[in-house]
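Some notes on the structure that comes next.
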Amino acid sequence: MFGCDLVGVTAYDNRWVYATRADIKTFEKKPNDLPLGLTNVIVMGHGMDYDLVKSYPSALAGAAVGMGYSGEAVTVAQLSQFIRNLGYQAIGSMNDTALVIPMAVQAGLGEYGRNQMVITEEFGPRVRFSKIFTDLPLVHDKPKKFGVTEFCNICQRCADACPPKALPYGPPKEGGPNRSAINGVKKWTADCEKCFSFWTKMRSDCAICMRVCPYNKDFNGPIMRLARRLAGTRLRRLMLWLDIKLGYGQRVAPSRWWRSNQKDA
Ligand code: SF4
Ligand code: SF4
């Protein structure tokens, strides 16, 4: 009703909550206190525009992110207030307060990929997440698998395409290259410091690893849905080969996007 594309529910898990937060005036650390008694997290997914994502890295593609954030903020605020009106606690959150990726996986919204993103069945990696912490009694969803881990095991398109080589090759490992990595979890871990340094050098968003991912497709049509199903079977190597051969994931220049939209207008 309030406009998100995906929704799942999982148990509140303190392991994913940040120990501290930054004071927005002084940038000093301050406690990240949440109220007692929170039992559940509602995780919401917000799909990003397929055509804009094709132009990553660009300021134009940054509009896809900005539009995502704007829509998320409205949805989170409205649903949080709705829950509070029912008499329960509701703390809305976007990128702040806690890691959303493990919660999205636990809530059955997708699988974790080599590119550090949750790959959803509906949008692939082209999705943003927000969350609401609550004590509203809710039934929990379960993690769902559709072959992403197995596909990432044979694919490294994101790692190959990453300009500063911030994404890992090989199987998931524990730990990471620097203090920005989470310890104690076996997973694919990026060198986030290399990644974000690249963003600052470009002075724009980079999500090449989202654009080139074979799961970054428009799944509204039956052909792409069939391709997604086959990617989860023993035919995954063939599907990967076809994806590259057919030129999916290549960058579309922002000027082409503007021209195509002028024609539509
Ligand atoms: S966002 Fe860009 S720099 Fe960062 S991991 Fe992805 S491709 Fe690499
Ligand atoms: S590009 Fe390939 S390896 Fe990277 S996340 Fe997508 S499927 Fe996995």
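Just follow the structure's listing: the first ligand is 1, and inside any ligand the first atom is 1.
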Just checking [X]: does its [atom1] atom have more than 12 heavy atoms from other residues, nucleotides or ligands closer to it than 6.0 angstrom?
X      : atom1 : value
Tyr248 : OH    : no
Tyr12  : OH    : yes
Leu226 : CG    : yes

Next item on the list: Using the side chain to side chain donor-acceptor pair (under 3.5 Å) rule, take Asp160 and Tyr169 through it: C-alpha gap first, then chi angles, then the decisive distance, then the call.
Entry: CA-CA 9 Å; Asp160 286 342; Tyr169 288 93; 2.7 Å; yes

Heavy-atom contacts with [X] under 4.0 Å: which atoms of ligand 1 show up? List them by number with element.
X      : answer
Phe198 : 3 (S)
Pro164 : 3 (S)
Trp199 : 1 (S), 4 (Fe)
Cys162 : 3 (S), 5 (S), 7 (S), 8 (Fe)

Check: Looking only at heavy atoms, what is the nearest atom pair of Leu109 and Gly45, with distance?
Finding: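 Residues Leu109 and Gly45, closest heavy atoms: CD1-N, 4.5 Å.
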
Next item on the list: Write down the atom of Val17, the atom of Asn32, and the distance for their closest heavy-atom approach.
Entry: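 Shortest heavy-atom separation between Val17 and Asn32 comes out as CG1-ND2, 3.6 Å.
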
For [atom], the protein heavy atom that lies nearest, with its residue and separation:
atom                    : answer
atom 6 (Fe) of ligand 1 : Cys209 SG, 2.3 Å
atom 7 (S) of ligand 2  : Phe151 CD2, 3.5 Å
atom 3 (S) of ligand 2  : Cys155 O, 3.1 Å
atom 4 (Fe) of ligand 2 : Cys158 SG, 2.3 Å

Next item on the list: Enumerate the atoms of ligand 2 whose separation from the nearest heavy atom of Pro214 is less than 4.0 angstrom.
Entry: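 So the atoms of ligand 2 that pass are 1 (S), 2 (Fe), 6 (Fe), 7 (S).
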
Item checked: Which of the ligand 2 atoms, numbered from 1, are nearer than 4.0 Å to a heavy atom of Asn115 ->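 Those of ligand 2 that fall under 4.0 Å from Asn115 are 5 (S).
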
Checklist line | Heteroatom test (N, O or S) for Cys152 near atom 8 (Fe) of ligand 2, limit 2.8 Å | finding: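 Here the distance criterion (N, O or S atom, under 2.8 Å) is met by Cys152, so yes.
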
Next item on the list: Evaluate the salt bridge (Lys or Arg N to Asp or Glu O under 4.0 Å) criterion for residues Arg128 and Glu72: first the C-alpha distance (whole Å), next the side-chain angles of each, then the deciding distance (0.1 Å), finally the verdict.
Entry: CA-CA 8 Å; Arg128 313 197 59 78; Glu72 275 171 51; 3.4 Å; yes

Notebook entry, point to check: Is the closest heavy-atom distance from Ile119 to ligand 2 below 4.0 Å?
Noted result: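 Under 4.0 Å: yes for Ile119.
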
Check: Any N/O/S of Cys206 under 2.8 Å from atom 2 (Fe) of ligand 1?
Finding: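 So Cys206 counts as coordinating atom 2 (Fe) of ligand 1, yes.
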
Item checked: Partner of Val105 under side chain to side chain contact (heavy atoms under 4.5 Å, CB included), chosen from Ile119, Val43, Val118 ->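 Result for side chain to side chain contact (heavy atoms under 4.5 Å, CB included) with Val105: Val118.
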
Margin query: Is there a path of hydrophobic side-chain contacts, each under 4.5 Å between heavy atoms of I/L/V/M/F/W/Y residues, joining Leu38 to Val76?
Written below: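 No.
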
